[in-house]
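As the structure is a prediction and not an experimental result, all values here were calculated from the model. Residue numbering restarts at 1 for every chain, and letters A, B, ... go by the order of the sequence lines. Below, all heavy atoms of this structure are taken into account, side chains as well, without hydrogens, waters or symmetry copies.
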Amino acid sequence: MTNAAAPNAALERYNAKDAEPRWQQAWSEAGIFTTPNDDPRPKYYVLEMFPYPSGRIHMGHVRNYAMGDVVARYKRARGFNVLHPMGWDAFGLPAENAAMERKVNPRDWTYANIATMRGQLQSMGLSLDWSREIATCDPAYYKHQQRMFLEFLKAGLVTRRTAKVNWDPVDHTVLANEQVIDGRGWRSGALVESRELTQWFFKITDFAQDLSDALGGLERWPEKVRLMQRNWIGRSEGLEVRFALDHPVGTQDLIETIKVYTTRPDTLFGAKFLAIAADHPVAAALAGHDARLQAFIEECRRTGTAQAAIDTAEKLGHDTGLRVRHPLDPSWLLPVYVANFVLMEYGTGAVFGCPAHDQRDLDFSNKYGLGNTPVVCPEDQDAASFLITDTAYDGDGRMINSRFLDDMTTEEAFRAVADRLEEERLGGAPVAARKVQFRLRDWGVSRQRYWGCPIPIIHCADCGAVPVPVADLPVTLPEEVSFDVPGNPLERDHAWRNVPCPACGKPARRETDTMDTFVDSSWYYARFTAPWLQDAPTDRAAVDHWLAVDQYIGGIEHAILHLLYARFFMRAMKETGWSGVAEPFAGLFTQGMVVHETYKDAAGAWVQPSEVRIEAQGAERQAFHVKTQAPISIGAIEKMSKSKKNVVDPDDIIASYGADTARWFMLSDSPPERDVIWTEEGVQGAARFVQRVWRLVATAAGANGSDAAAGAALRKAAHKALASVEEDVERLRFNRCVAHIYTLANALEEALRNGVPAKAAGEAAGILVQLIAPMMPHLSEECWRALGRTGLVAQAPWPQADRALLIEDEVTLPVQINGKKRADVTVPREAGAAAVEAAVLALEPVQRALEGRTPRKVIVVPGRIVNLVV
RNA sequence: GCGGACGUGGCGAAACCGGUAGACGCACGAGACUUAAAAUCUUGCGGCCGUGAGGCUGUGCGGGUUCGAGUCCCGCCGUCCGCACCA
């Protein structure tokens, strides 16, 4: 038998190095990825989270952008006007670190990185509209951000107040919580101090309810992300209750009540104490003439922010000696403690303690001997004997020991208490009010840094914080900066800082804080819709046309902050007229990481993969150093990181295998939301498939067999693969697409071997080439030309699957007897249950297995299965 | 502690509404081609028994529902992720 699929001796290997730049240039010259805003076709906006220009792209980027590009190219072929832009999240700390370490200008460093990374992305062959490229550090971008900041301020969405920050006394800078490690600055190693600074805040809490509610409508977001956001926003329903002090505190403004927030007013008769935060006004008022209280408050402040301290800290309190009256029984007095576990930032900064039904309150009560009274009895417990010792009961049940609430459910008791206390008056006002509370805090955006978007405010001794007039925007960063001295260079740049007040003209000073870089990334996707606009952040027609982003793709690490901030920002832009859309991302996909084996030498030092040679003896794998031949131990599979040296540089892969191979491997194997393990074998497998496609297509182009049955079978396989790939691309299940394509390649190979006619071979090869086009675009173009097709695959419409070919005339059903498979039966697709049953009973293996018995029951699930019960 | 996800061959995985468990790929074994290697092609590949036809068994563990369970229910075990003094 001649081997028709065997490579022609004259056939050259596919040369990615030669082909890839050639097709990239062809696409560029044809301008096919430049997207017009006024195209009549339906729009599709696909976006991957834009990168921080750290220096070079890494495999995580390759995976992210390969996925986005599949969607973009597929949707384009399906007739959509696709927007697929790219930009740079270009402000941020690493540029300042580079400036300090290498004496380079942050701007120069950033733009050099952008140039490198742009080249790398272009070598991947991504179908991006580079004409819309933006960098957030460009004044042409951030001037609009400054303008919106001022408009948000005017609209009451920005506020200024003091807040506690982590202060690094060595670097003279504020640290984010993530930058504080074991209570020390991550760079300086200095003990971090808690400082009160005046800061700018975006009032994200104004939208807390809507941000939470609208999650329900984000059907194309992962449930996990919606849940994380919902928990982060942390909505709770409760009651604010005022407790009357038995005598007022304070010197000038007398404080007569303490307001408490509770989600469990039903347990009010179980109250044993009140606890207030160390920063509570009552504590402050008392501390003046109570030295021990003063000392206690200071101790609380010291253990404040550090995460580890919170985990281990004991519940501590200080009895103020004050007493409050129980709101449901004025003769009942409760002690008031200052406690280290009560947060001033949440609720009212005061809680009532119900030890029987809250573990923390119980721990506290047991420590200070305050006792407990169970007031909720679980349904399966006897009220008379129900006791609490050291485990609180926080579930539902029947009310006990609770006077007029007895025998109610917890829910009924909640309502009864709320209803009664809302009616009662204390000092002219109701004792209690129902209240919805959120865990979400306002978004502090002030950063004491140079490399960020300047906050466009001028501080004047007479006029206060004065907005920079819009005509004066942008407030640009000074170009000449030095990082020789710790602290923010903007503070030291007097020429930049000292300006006249825009309101009164007297000497004033600029705000030297810059904005959190999350602000930059909160609206870039909107800017992409009309990045050429000079006088406005957005064009309403463009932004309303393109948004929401149809498919947003990025890492799970942005599940909360970035995605929540962007959702806030869109709402704020809607209020100020820059968008008609409130939700930025209709579809969200969070992809997994790229992980790799780790390697260590005998001395325990990490060794990078390129220096390791793996030998396999059967299933055993052994590693050796390529130069010294010394044995290397193979360690855990972990996220690629420089510190563990388990990184593979995309440039190296593209140089040795080509971009298509890298893209194909990234999309194969693992489901996209899971981590993918980068292996040399896997890349080689992908590279083999590239050559195999090339061979198959070349062979198919010359096919001239005459086996009609082989042709029919191949047509069926091709159209099946087409329909399956469509379905799985739409659901972003790229690993399944890859499997369908392999199946088609196998079918094509078999058909060629069997002498398939030219027409069927050409059709199937054409479909194969179009199926791989979104994933391996360069190879696809090269194959397209080899098949003699004209134009670019990138511009070709998606082929139409012939549905008639997908329906089989005959179906083969498994036949089970008592749930165990015993035979197969092949019947016409339309065969009725009776016909199927007759066919099954006629089967020899069935008769044998029945051993003369008659089935008690015959279950025929059409098109699925037959089960005989005996 | 609270919340969530997951657990399938040597490995990555597939299995849509409960209907043939392991598609597709990687690794590995056998063979062909080759002086040889690479590449390529053919073929095998969950485990156990059997020359074979075939049989038994198998989706973390233990129960249950069902004609039928990887899938549904209950109880464990393990891994990963998020939040964490939130009243």
Quiz item: Mind telling me whether rG9(B) is syn or anti, cutoff 90° either side of 0?
Solution: syn
Quiz item: Taking O4'-C1'-N9-C4 for purines and O4'-C1'-N1-C2 for pyrimidines, is rC17(B) syn (within 90° of 0) or anti?
Solution: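 In terms of base orientation relative to the sugar, rC17(B) is syn.
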Please classify the nucleic acid contact of [X] as base, sugar-phosphate, or nothing, using heavy-atom distances under 4.0 Å.
{"X": "Asn867(A)", "answer": "base"}
{"X": "Ser668(A)", "answer": "nothing"}
{"X": "Glu681(A)", "answer": "sugar-phosphate"}
{"X": "Leu227(A)", "answer": "sugar-phosphate"}
{"X": "Arg856(A)", "answer": "nothing"}
{"X": "Val869(A)", "answer": "sugar-phosphate"}
{"X": "Val676(A)", "answer": "nothing"}

Quiz item: Between Arg242(A) and Glu240(A), does at least one N-O distance fall below 4.0 Å, as a salt bridge requires?
Solution: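 Looking at Arg242(A) and Glu240(A), the cut-off is not met.
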Examine [N]: is either OP1 or OP2 under 4.0 Å from a nitrogen or oxygen in the side chain of [X]? Give yes or no.
{"X": "Lys820(A)", "N": "rU57(B)", "value": "yes"}
{"X": "Arg230(A)", "N": "rG4(B)", "value": "no"}
{"X": "Asn231(A)", "N": "rC2(B)", "value": "no"}
{"X": "Arg674(A)", "N": "rC80(B)", "value": "no"}
{"X": "Arg13(A)", "N": "rU40(B)", "value": "no"}
{"X": "Arg733(A)", "N": "rA13(B)", "value": "no"}
{"X": "Arg695(A)", "N": "rC41(B)", "value": "yes"}

Whole-angstrom distance between [N] and [M], as gauged at atom [atom1]:
{"N": "rG55(B)", "M": "rU40(B)", "atom1": "C1'", "answer": "39 Å"}
{"N": "rC48(B)", "M": "rC11(B)", "atom1": "P", "answer": "15 Å"}
{"N": "rG47(B)", "M": "rA39(B)", "atom1": "C1'", "answer": "35 Å"}
{"N": "rU8(B)", "M": "rC72(B)", "atom1": "P", "answer": "16 Å"}
{"N": "rC56(B)", "M": "rG63(B)", "atom1": "C1'", "answer": "23 Å"}
{"N": "rC6(B)", "M": "rG60(B)", "atom1": "C1'", "answer": "11 Å"}
{"N": "rG70(B)", "M": "rC49(B)", "atom1": "P", "answer": "24 Å"}
{"N": "rG22(B)", "M": "rC76(B)", "atom1": "C1'", "answer": "27 Å"}

Quiz prompt | Residue mapping more 5' on RNA chain B - nearest nucleotide basis, Asn746(A) or Phe341(A) | solution = Asn746(A)
Self-check item: 5' priority, RNA chain B, between Thr743(A) and Tyr261(A) [closest heavy atom]
Solution: Thr743(A)
Quiz item: Does the rC86(B) base have a donor-acceptor partner in the side chain of Arg441(A) within less than 3.5 Å?
Solution: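 Indeed, a donor on one side and an acceptor on the other fall under 3.5 Å apart.
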Quiz item: Relative to each other, are the rings of Phe341(A) and Phe364(A) parallel, tilted or perpendicular (30° and 60° limits)?
Solution: perpendicular
Quiz item: Parallel, tilted or perpendicular: which describes the rings of Tyr368(A) and Tyr337(A), with under 30° parallel and over 60° perpendicular?
Solution: tilted
Who is the Watson-Crick or G-U wobble partner of [N], with both distances under 3.5 Å?
{"N": "rC16(B)", "result": "none"}
{"N": "rG46(B)", "result": "rU57(B)"}
{"N": "rA21(B)", "result": "none"}
{"N": "rU66(B)", "result": "none"}
{"N": "rG78(B)", "result": "rC6(B)"}

Taking the minimum atom-to-atom distance to the side chain of [X], which one of [options] wins?
{"X": "Arg360(A)", "options": "rC86(B), rC81(B), rC67(B)", "value": "rC86(B)"}
{"X": "Pro814(A)", "options": "rG82(B), rG12(B), rU20(B)", "value": "rU20(B)"}
{"X": "Asn735(A)", "options": "rA14(B), rA21(B), rA87(B)", "value": "rA14(B)"}
{"X": "Gln816(A)", "options": "rC83(B), rA21(B), rC86(B)", "value": "rA21(B)"}
{"X": "Met228(A)", "options": "rA13(B), rG82(B), rA23(B)", "value": "rG82(B)"}
{"X": "Tyr742(A)", "options": "rC26(B), rG12(B), rC24(B)", "value": "rC24(B)"}
{"X": "Arg439(A)", "options": "rG12(B), rU20(B), rC83(B)", "value": "rC83(B)"}
{"X": "Ala739(A)", "options": "rG55(B), rU20(B), rA23(B)", "value": "rA23(B)"}

Quiz item: Looking at Asp266(A), Thr410(A), Val376(A), which hits side chain to side chain contact (heavy atoms under 4.5 Å, CB included) with Asp396(A)?
Solution: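 Output: one option passes, namely Thr410(A).
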[X] side chain to [Y] side chain, donor-acceptor N/O pair below 3.5 angstrom:
{"X": "Asp442(A)", "Y": "Thr205(A)", "value": "yes"}
{"X": "Thr263(A)", "Y": "Ser236(A)", "value": "no"}
{"X": "Tyr742(A)", "Y": "Ser668(A)", "value": "no"}
{"X": "Arg692(A)", "Y": "Asn746(A)", "value": "yes"}
{"X": "Arg674(A)", "Y": "Gln591(A)", "value": "no"}
{"X": "Thr598(A)", "Y": "Asn646(A)", "value": "no"}
{"X": "Arg822(A)", "Y": "Gln816(A)", "value": "no"}

Whole-Å gap separating [atom2] ([N]) and [atom1] ([X]):
{"X": "Phe364(A)", "N": "rA87(B)", "atom1": "CZ", "atom2": "P", "value": "18 Å"}
{"X": "Arg226(A)", "N": "rA5(B)", "atom1": "CZ", "atom2": "P", "value": "13 Å"}
{"X": "Arg688(A)", "N": "rA38(B)", "atom1": "CZ", "atom2": "P", "value": "12 Å"}
{"X": "His596(A)", "N": "rC26(B)", "atom1": "NE2", "atom2": "P", "value": "18 Å"}
{"X": "Glu345(A)", "N": "rA84(B)", "atom1": "CD", "atom2": "P", "value": "13 Å"}
{"X": "Glu727(A)", "N": "rA23(B)", "atom1": "CD", "atom2": "P", "value": "20 Å"}
{"X": "Asp358(A)", "N": "rC2(B)", "atom1": "CG", "atom2": "C1'", "value": "13 Å"}

Report each atom pair, protein N/O against N/O of nucleotides 42-52 of chain B, whose distance is under 3.5 angstrom.
| from | atom 1 | to | atom 2 | distance (Å) |
| --- | --- | --- | --- | --- |
| rU42(B) | OP1 | Arg753(A) | NH2 | 2.6 |

Quiz item: Just by modelled atom types, is the Ala392(A) backbone N or O under 3.5 Å from a matching donor or acceptor in the Gln359(A) side chain?
Solution: yes
